[in-house]
Amino acid sequence: MVAKETKNKKQETGKIEKYDPSKIEPKWQKKWKETELYKFKEDSKKEKYYPLVELPYPSGDLHIGHWFSFVTADVHARVHKMMGKNVFFTNGYDAFGLPAENAAIKRGIHPKDWTIKNMETMTKQFETMGSMIDWSHTTAACFPDYYKWNQWIFIRMYEKGLAYRGKMLSNWCPQDQTVLANEHVENGKCWRCGSEVVQKEIEQWFIKLTEYADQLIWPEPDKNGLSNGVDWPISVRVAQNQWIGKKEGVKIKHKVIGTDLEFESFSAYPAWSWADRYIVIAPEHSIVKKLVKGTKEEKKVMKFVEEMSKKTDLERQETKEKLGVFTGRYAKDPFGGPDMPIWLANFALINFGTGIIRCSGHDERDIEFAKKYGLKTGEAVVKRENGNAATPHDGMGGILKDSGPFTGRDVWEVVPEVINWIEKQEIGIRFVNYHIHDWSVSRQRYWGTPVPMIHCKKDGIIPVPDDQLPVELPYDVDFTPKGKPPLASNKEWMKVKCPKCGGEGLRDPETLDTFFDSSWYFFRYLNPHYDKAPFSKEDAKKLTPVDIYFGGAEHTLGHTLYARFFTRFFKKLGLVDFDEFAKKRVQHGVILGPDGARMSKSKGNVVNPDDVVKEYGADAARVYLCFMMPYDATAPWAPGGMWGTYRFLKRVWDLQYNLNDKELSKTDLFEMHSAILKVQEDAGSTKFNTGVSTLMKWINYLSAKESITPEEYKKFLLLLAPFAPHIAEEIYQTYFAGDKEFKSIHAQNWPLFDEKYLTTESVTIVIQINGKLRDSIQVESTKLKIQSEIEQLAKKSSKIQKYIEEKKILKTIYIPGKVLNFVVA
RNA sequence: GCCGAGAUGGUGGAAUGGUAGACACGAAGGUCUCAAAAACCUUUGAGCGUAAUAGUUCAUGUGGGUUCGAGUCCCUCUCUCGGCACCA
């Protein structure tokens, strides 16, 4: 140790300074920025590491939830950096979208100005966090050099048939005046504004998610716990698989008696088909009109259709009562059963299968409906144990009693055979149904990526040629919602020449769903101004896939699924050579208000990070966010806990007045090295709370000593640096950095851990009688492996003797270094 | 209804099948102080027990099981949170 290190500040100046974060934090933030400390530099000698946090929406205010996501990820990134990896850590903004437009309408500011101002404010707020985000890689969807590539991707998808225009019943939000994707309807309500969503038939753009539905299904994890080679939480994998909802079955062809009409019904349980006795059709189905045209039932049926169409999704979900009407028509049963009456029913869903169901006595809904309207039902199976009819849903199966050629056989066993048989008899075809539908991406709003398509009367829909991209979003537009896309109001902008015939064409006035933007932003980070493609193959090869993706559970069914789809598409384009964009996904928990309720402005329980920083400093806030709960838990913000971490940092600070050069004892080294190991394991994964508690434990140990050595202090600061970067830097610079040039603690290596210090001279062995703790003995480490000696030592204990004298020892179990257990009669 | 996760002190929570309650908050008592704050020290799962130390029993939502040994593994049930849901 050099002489300087043996002296503490008090010895030099005779003064003791108090810990004051407001004095040190802005100072170091400035210095780090000036010296470009966190700028990513390519380094082929180091292993790359790409941690990613979901990019925030620029609402204008960094709330405590943002702090939680970014602080924990920042700690994680810093530990990996110190451990010698080349860490790429940046952030951008999900800058397009409705809230900007709504806020702008409310305040009379242009969405662009509002958004850009918010991004500036938030970037400054990120600086007060002391994060190591490298802002030179930032980007935002609303910049033309970002959304240009949205348009480019969209056109490539169009060329490959993955983006298409279609007319479909869609979720329409009457408040926001736009279409919503299925993933963004929550309980029949708009995820943004909470209005009840209605169904409207609208022509719009779709992304063909169904094309990759099979590929997006997560397989069972392998022996290393990896599914598709990556480590994603089971909750996400299961939820996505259910959402994709793959069901294999058959479509069965039917002829309507007395007409030339035909239709198909879908069945996922074809072995039950012999029990089907009637048919129901979704009221929205296009065949309904033709079916009843000119019949005496027409009026009644169409009235029913109209009544059903008036109901919102929410109302339909809430009414479980079965409602229906008879069409007067019958269909032939291709399975040879009696002619089947055709009904309309509210429980038949237009979006599932073909919208038409064959009904039997094996489904609760079918039975309920049949009872209500006096219809006959059939039964095809008997449950083996209690004799009740088995339903397809209970999964129990049974022996088929009345299933044509398969009678007398096991229900589940014959399913593949039944499908083959149906195809052979030409009464139906194999069909796979998915719950997931193609993604509706058209938004009838202003603040988004313009759809890069031109509508020409002669040539139809023509993509904008690549050399004319981006189609820039015009600034002057009347964006107040009028039920029509706002862009259509800018006549000048709308006019465009058809790239094919040169005649007059019109631009597409719709914009893309912002989830399109956020499906690939982590590729754009690599080089946000790259101008030949969305990103370069070489960059992607060097830095992707993302190593760990931090985010919230709310993106399970939307964003992360879309991003996985995009990655597969990029692979198809040859831009990447992997399927999964993130090797690991971790989902953070929720910080509740101090009252235990979810934070909300109306409840007045919102914790503002700016206030916390003012009171305790960023470092204390960072440490508390790591410490307050496990990463994925949900717990209330406790002001007292915040005080506790502040107190911890004060103790760290005060230790500098207790420095003295001395030999480190074996215990000192043991404490030091166990802390190094535990912190690197915990913060290197996502166990931030126990990482902090390890530091607290060590500081308790250090504080209890008469004085500490510079070596101990320096190593402590290195372990603390990822959690509390400012205080660690301040003390490090005062004592350990040298005078010449600025060498940040954050550019130092993680202290080396050496196992040899973890072995101690003696170890406590617990002595149990019949598994119950009765005593413990100290044993020299060298003797740990000799069971007989330990048994002898144990038997010497008077406490143990009490239990074993005059008793027969039936068995002795020894776990080296831990437990000795006597089993006595 | 189906699927997933979870339930440990007054609170947040620790704990590769091996000393349950680490670490922190809160609380109580003390030192310092005219006093308070801060800081520091002690105690803090519940019983029984002792002058005190000791000792000892019960404790990880419920009831069973596996094991020398279970908070941890298996089954039953209860409750909480999250996702999906009239899915043929």
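All figures in this text were calculated on a predicted structure; none of them were measured in a lab. Protein chains get the first letters and strands the later ones, always in sequence-line order, with residue 1 at the start of each.
Among B:A88, B:A15, B:G18, the nucleotide with an atom closest to any side-chain atom of A:F352 is B:A88. You'll find that the side chain of A:I813 is closest to B:C68, out of B:A88, B:C23, B:C68. Between B:G26, B:A22, B:U19, one nucleotide has an atom nearer to the side chain of A:L773 than all others, and that is B:U19. For A:S235, the listed nucleotide lying nearest its side chain is B:G4; candidates were B:C86, B:C84, B:G4. In this structure, the nucleotide among B:A24, B:G12, B:C86 sitting nearest to the side chain of A:A635 is B:G12. Among B:G83, B:U19, B:A88, the nucleotide with an atom closest to any side-chain atom of A:S267 is B:A88. The side chain of A:K650 lies closest to B:A39 when the candidates are B:C3, B:A39, B:A22. Here the nucleotide nearest the side chain of A:T764, chosen from B:G12, B:G18, B:U19, is B:U19. Side chain of A:K799, nearest nucleotide from B:C23, B:G13, B:G55: B:G55. In the set B:C3, B:A39, B:C84, the nucleotide with an atom closest to the side chain of A:H435 is B:C84.
Residue contacts shown for A:A348 include a base, since a base heavy atom lies under 4.0 Å away. A:Y803 comes within 4.0 angstrom of the backbone, heavy atoms only, and of no base. A:P630 comes within contact range of the sugar-phosphate backbone alone, with a heavy-atom separation under 4.0 Å but no base atom that close. Using a 4.0 Å heavy-atom cutoff across all strands shown, A:G596 reaches no nucleic acid atom at all. Among the heavy atoms of the strands, none lies under 4.0 Å from A:A553. A:A268 comes within contact range of the sugar-phosphate backbone alone, with a heavy-atom separation under 4.0 Å but no base atom that close. Contacts of A:D366 with the nucleic acid, taken as non-hydrogen atoms under 4.0 Å apart, are absent. Residue A:V766 is classed as a base contact, given a heavy-atom separation below 4.0 Å to a base. Within 4.0 Å of A:G245, counting heavy atoms only, lies no atom of the nucleic acid at all. Note on A:L557: only backbone sugar-phosphate atoms sit closer than 4.0 angstrom, heavy atoms only; bases stay farther off. Here A:K322 lies in heavy-atom contact (under 4.0 Å) with a base. A:R237 comes within contact range of no nucleotide atom at all, as no heavy-atom separation falls under 4.0 Å. A:N346 comes within 4.0 angstrom of a nucleotide base, judged by non-hydrogen atoms across all strands. Looking at heavy-atom distances under 4.0 Å, A:T634 makes contact with sugar-phosphate atoms alone, never a base.
Where A:V823 and A:N700 each meet RNA chain B at their nearest nucleotide, the meeting point lying more 5' is that of A:N700. In this structure, A:K697 and A:K811 both approach RNA chain B, and ranking their closest nucleotides by distance from the 5' end singles out A:K697.
Counting atom types as modelled, A:Q242 pairs no side-chain N or O with a base atom of B:G4 as donor and acceptor under 3.5 Å.
OP1 or OP2 of B:C40 sits under 4.0 Å from a side-chain N or O of A:R651. For the pair A:R647 and B:A38, the criterion of a side-chain N or O lying under 4.0 Å from OP1 or OP2 is not met.
Per the geometry, CE belonging to A:M629 stands 16 Å off P belonging to B:U8, to the nearest Å. Note: CD1 (A:I815) to P (B:C68) measures 12 Å, nearest angstrom. In this structure, A:D632 atom CG and B:A5 atom C1' are separated by 9 Å, rounded to whole Å. The CD1 atom of A:I357 sits 11 Å away from the P atom of B:C86 (whole-angstrom rounding). One interatomic measurement links the two molecules: NE2 of A:H555 to P of B:G83, which rounds to 13 Å at whole-angstrom precision. When the C1' atom of B:A39 is taken as reference, atom OH of A:Y657 falls 15 Å away, rounded to whole Å. Computed from coordinates, the A:H362 NE2 to B:C87 P distance equals 17 Å when rounded to whole Å. If you measure from atom CD1 of A:I777 to atom P of B:G18, you get 19 Å, rounded to the nearest angstrom.
Residues A:R585 and A:E54 are paired through a salt bridge, judged by an N-O separation under 4.0 Å between the basic side chain and the carboxylate. Using a 4.0 Å cut-off between a side-chain N of Lys or Arg and a carboxylate O of Asp or Glu, A:E321 and A:K372 qualify as a salt bridge. Ion pairing between a basic and an acidic side chain is recognised when a charged N comes within 4.0 Å of a carboxylate O; A:K253 and A:E264 show no such pairing. Using a 4.0 Å cut-off between a side-chain N of Lys or Arg and a carboxylate O of Asp or Glu, A:K18 and A:D654 do not qualify as a salt bridge.
Base orientation for B:G9: syn, the chi torsion being within 90° of 0.
Relative to the six-membered ring of A:W67, A:R622 misses at least one condition, a distance below 6.0 Å or an angle of at most 45° to the axis. A:K246 forms no cation-pi arrangement with A:Y434, by the criterion of a distance under 6.0 Å to the ring centre and an angle within 45° of the ring axis.
Rounded to the nearest Å, the gap between the P atom of B:C73 and that of B:U56 is 30 Å. Taking atom C1' on both nucleotides, B:C77 is separated from B:A7 by 14 Å, rounded to a whole Å.
For A:Q199 and A:S309, the side-chain atoms include no donor-acceptor pair closer than 3.5 Å.
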### Structure string for RNA chain B in dot-bracket form, Watson-Crick and G-U at under 3.5 Å, | interchain
(((((((..(((.....[....)))((((((.......))))))((((......))))..(.(((..]....))).))))))))....
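No more than 12 heavy atoms of other residues, nucleotides or ligands sit less than 6.0 Å from atom CD of A:E706. Residue-environment remark: CZ (A:R430) exceeds the threshold of 12 foreign heavy atoms within 6.0 Å.
Between A:F369 and A:L323, the closest heavy-atom pair is CE1-O, 3.7 Å. Nearest heavy atoms, A:V288 versus A:V305: CG1-CG2, 4.0 Å.
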